[in-house]
Enquirer: 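Just dropping this structure here.
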2 protein chains.
Amino acid sequence: MVSGQRGTVGIGEVARAAGVSNGTVSNVLNHPSRVNADTATRVHEAIQRLGYVRNGIASQLRAGTRTTVGSIVLDIRNPFFTDVTRGIEDHLATADFTLMTASSDGDVVREQRFLRLFEEQGVGGVVVVPAGEDVQRLVELAGRGTPVVVLDVSLPGSSLSSVSVDDVEGGRLALEHLLAQGYERIDVVTGAAEVRQTRDRLRGARLACESHGLDPDRVLSVRTARTLDSAGAEEAIGRLVDESGTCPHAVFAMNDLMAIGVQRALRRRELYEPGRTAVVGYDDIDLAAELLVPLTSIRQPTHALGARAAEILLAPASQEAEQVVFQPELVVRESSLGTARR
Amino acid sequence: MVSGQRGTVGIGEVARAAGVSNGTVSNVLNHPSRVNADTATRVHEAIQRLGYVRNGIASQLRAGTRTTVGSIVLDIRNPFFTDVTRGIEDHLATADFTLMTASSDGDVVREQRFLRLFEEQGVGGVVVVPAGEDVQRLVELAGRGTPVVVLDVSLPGSSLSSVSVDDVEGGRLALEHLLAQGYERIDVVTGAAEVRQTRDRLRGARLACESHGLDPDRVLSVRTARTLDSAGAEEAIGRLVDESGTCPHAVFAMNDLMAIGVQRALRRRELYEPGRTAVVGYDDIDLAAELLVPLTSIRQPTHALGARAAEILLAPASQEAEQVVFQPELVVRESSLGTARR
DNA sequence: ATGAAAGCGCTAACAC
DNA sequence: GTGTTAGCGCTTTCAT
């Protein structure tokens, strides 16, 4: 009974069962308006009865339609990318498109391999968080006819569309918040790696100082941690405290994990009480609100980021490249407030 | 110049450029051994020169090969599912398969829609965390020829393969740990919803008591929170403390978020110091180790779960259904230790 | 080792 | 409104 790869039932059997031709069955599926209502009913009954499932592969080959989109992020486990992915998924679902995902781990070779797989699969487009600086391969891909949206990187003037968040503004918001509370000596915890995001956030922090008429170099002390996680930040701030013998008044950490590391460094030294040291993080991870001392943070519209990227891909014809920049948002919680505990 | 849907270059052009026939080009790609080395080189050069990208859709239609797998989880944003997804991705990558993902939000209708889309796309299999109790649709899908692996649910005796983690054992491990430290009054914080996972964990907790010759009903006090998150747990434990005027000695929370809620409830009442109340969570989320008081938790082999599911799908012929049950693991951190702070 | 040709399952033209 | 038929781009017999 098994002839094809799957459940066997093809459009021909449906046609025979309904007493119509293949073309009519196809029309019922794809252009219902062209078909007489009674005929359509008969066809649908036959489809039901036989358990017919359309072969999307054949349909795609013939009609040249695309129903999938690919996405490549650095690591799907990173909540930022997970949220973005969900945003893509959700938008695609509105069009019955389906999402293929892959994690590049920042490895250009892996990225290239997945791009190739996606291209061969005939995806209707890809959204990519580039693994490297060089987007040449992506430009070429787009040139061969696969729409590309670059994520989390802004590419003004590029032929590729991009969707990103304004990191300079994020840094500015964080500092603005601290400055507004009167802090004038602020420690900034960052990582050693030259990541564009942290560079931008730092730049925003400096801008905020300047717009308050303050000299950034006097206000900000940049502490470089070995790693961009809580352990790195804990060590960096711990060292600072141990060496200087003083406790920072205010800290801006480049991400929430580092902010948690800061909290921990101070607590371990019995220096941490709400109201004593203001801490601001970045990313607004889900747990920021759940901590013993809920964390003030910068929230990025991650879901919207993904949704917008998907929207651009599904836009009728790929018109000109579009550069979308979202704005981040300050979320104030207990960790940055100078008031006594609740 | 554009004739097909994409970059135009087809196998025919490559063949002409290399001075061979279509079939030979195909053989170079799919059965290199059948082809003379020189010819192969010529063909590869032509492929390179023309920038030929194989049309996987056509290839799949003709050869009946599958190169994608679908997965449906409740919500990709849940770290448990994200890790599982990465496990699937990683295993698939070893075979140049590609993963399509979808989130059902526990909605059977959404689930069904994605299953349909995947089936039409001709996926080589699906791994599904079922949205409802009923797996009938999945059995039917498998019956039509699409291999199915059910995740996070064990289905002994079913015709479907499944991969899951032993939740009874997880509950047992947690209680065993607390009992071993001499706690004999333990509060268990759970949710109101009748979730299989929590039922099993609770059962494991009772088993641990019994194996210590203790009456579970005397050892365990089950506190039902309104929600399975930190706010729910905070309220439940807060109420307990406020009403009884005493502080629990040991708490087992059904997930890490709830455990954090417990920590917060006690801290808000200035009752929480390490060594005073032992807290054990479940899931071992990334942040468990990062908290002010690092959390003891039960870790599930999430990545392996996904990888194994993918492995089953890619196994040569879909032999008999296979039921894989992984064991969880206790991760001890500061929150459950009776000793004074480090 | 290579070429010629049929056909995977479907859709879109075109006839009627 | 419905039937007929060519063909999407590839892989695979079957010859040679």
Side-chain angles (χ1 to χ4, degrees), chain A residues 2-44 46-47 50-67 119-122 124 144-145, chain B residues 2-44 46-47 50-67 119-122 124 144-145:
Chain A
V2 175
S3 88
Q5 296 306 319
R6 60 172 101 194
T8 290
V9 183
I11 214 171
E13 308 203 24
V14 174
R16 213 172 315 130
V20 297
S21 74
N22 287 13
T24 299
V25 176
S26 175
N27 277 332
V28 169
L29 261 32
N30 303 306
H31 308 280
S33 63
R34 294 187 194 164
V35 166
N36 189 324
D38 302 357
T39 329
T41 310
R42 259 188 7 262
V43 170
H44 276 124
I47 287 176
L50 300 175
Y52 167 72
V53 177
R54 157 221 244 113
N55 183 332
I57 297 294
S59 154
Q60 262 171 260
L61 176 59
R62 175 61 236 242
T65 53
R66 262 80 244 246
T67 60
E119 187 180 9
E120 293 190 354
Q121 290 301 317
R144 283 194 300 271
Chain B
V2 176
S3 88
Q5 297 303 321
R6 60 173 99 191
T8 288
V9 183
I11 213 171
E13 310 202 23
V14 176
R16 213 174 314 130
V20 296
S21 75
N22 288 13
T24 299
V25 175
S26 175
N27 278 332
V28 169
L29 261 33
N30 304 304
H31 309 280
S33 62
R34 294 187 194 163
V35 162
N36 189 325
D38 302 358
T39 327
T41 310
R42 258 188 8 261
V43 170
H44 276 126
I47 287 177
L50 300 175
Y52 168 72
V53 176
R54 157 219 246 116
N55 182 331
I57 297 294
S59 153
Q60 263 170 260
L61 175 60
R62 175 65 237 247
T65 53
R66 265 77 246 249
T67 59
E119 189 179 7
E120 293 190 353
Q121 290 300 318
R144 270 180 262 124

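Side chains included, hydrogens not; waters and symmetry mates left out as well; all remaining heavy atoms used. Chain letters run A, B, ... following the sequence lines, proteins first and then strands; every chain starts at 1.
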Enquirer: Side chains of E13(B) and T8(B): does their closest heavy-atom pair fall under 4.5 Å?
Expert: yes
Enquirer: Shortest non-hydrogen contact from Q121(A) to T67(B)?
Expert: NE2-OG1, 2.6 Å
Enquirer: Bend angle of the helix from dA1(C)-dT16(D) to dC16(C)-dG1(D) from five-pair axes at both ends, rounded to 10°?
Expert: 30°
Enquirer: For L61(B) and V20(B), find the nucleotide of DNA chain C closest to each by heavy atoms; which residue's nucleotide sits nearer the 5' end?
Expert: V20(B)
Enquirer: Which residues satisfy the side chain to side chain donor-acceptor pair (under 3.5 Å) test with N36(B), sequence neighbours excluded?
Expert: none
Enquirer: Among residues 36-44 of chain B, which ones have heavy-atom contacts with DNA chain C below 4.0 Å?
Expert: N36(B), T39(B)
Enquirer: Grab the two heavy atoms, one from V28(B) and one from P32(B), that are nearest each other, plus how far apart they are.
Expert: O-CG, 3.6 Å
Enquirer: Identify the heavy atoms of S59(B) and R54(B) that sit nearest to each other, and give their distance.
Expert: OG-NE, 4.2 Å
Enquirer: Considering non-hydrogen atoms only, spot the tightest contact between R144(B) and G51(A) and give its length.
Expert: CD-O, 4.2 Å
Enquirer: Could you tell me whether the side chain of E120(A) reaches within less than 4.5 Å of the side chain of N55(B), counting heavy atoms only?
Expert: no
Enquirer: Output one letter per nucleotide in nucleotides 10-16 of chain C: B when a protein non-hydrogen atom lies under 4.0 Å from the base, S when only the sugar-phosphate is that close, - when neither is.
Expert: BBB----
Enquirer: Could you tell me which residues satisfy side chain to side chain donor-acceptor pair (under 3.5 Å) with S26(A), sequence neighbours excluded, listed by chain and number?
Expert: N30(A)
Enquirer: Below 4.5 Å, heavy atoms only, C-beta onward: do I47(B) and L29(B) meet side chain to side chain?
Expert: yes
Enquirer: Under 3.5 Å, which donor-acceptor pairs link side chains of residues 14-23 of chain A to any protein atom two or more places apart or in another chain?
Expert:
unit_1, atom_1, unit_2, atom_2, d
S21(A), OG, G23(A), N, 3.4
S21(A), OG, T24(A), N, 3.4
S21(A), OG, T24(A), OG1, 3.4

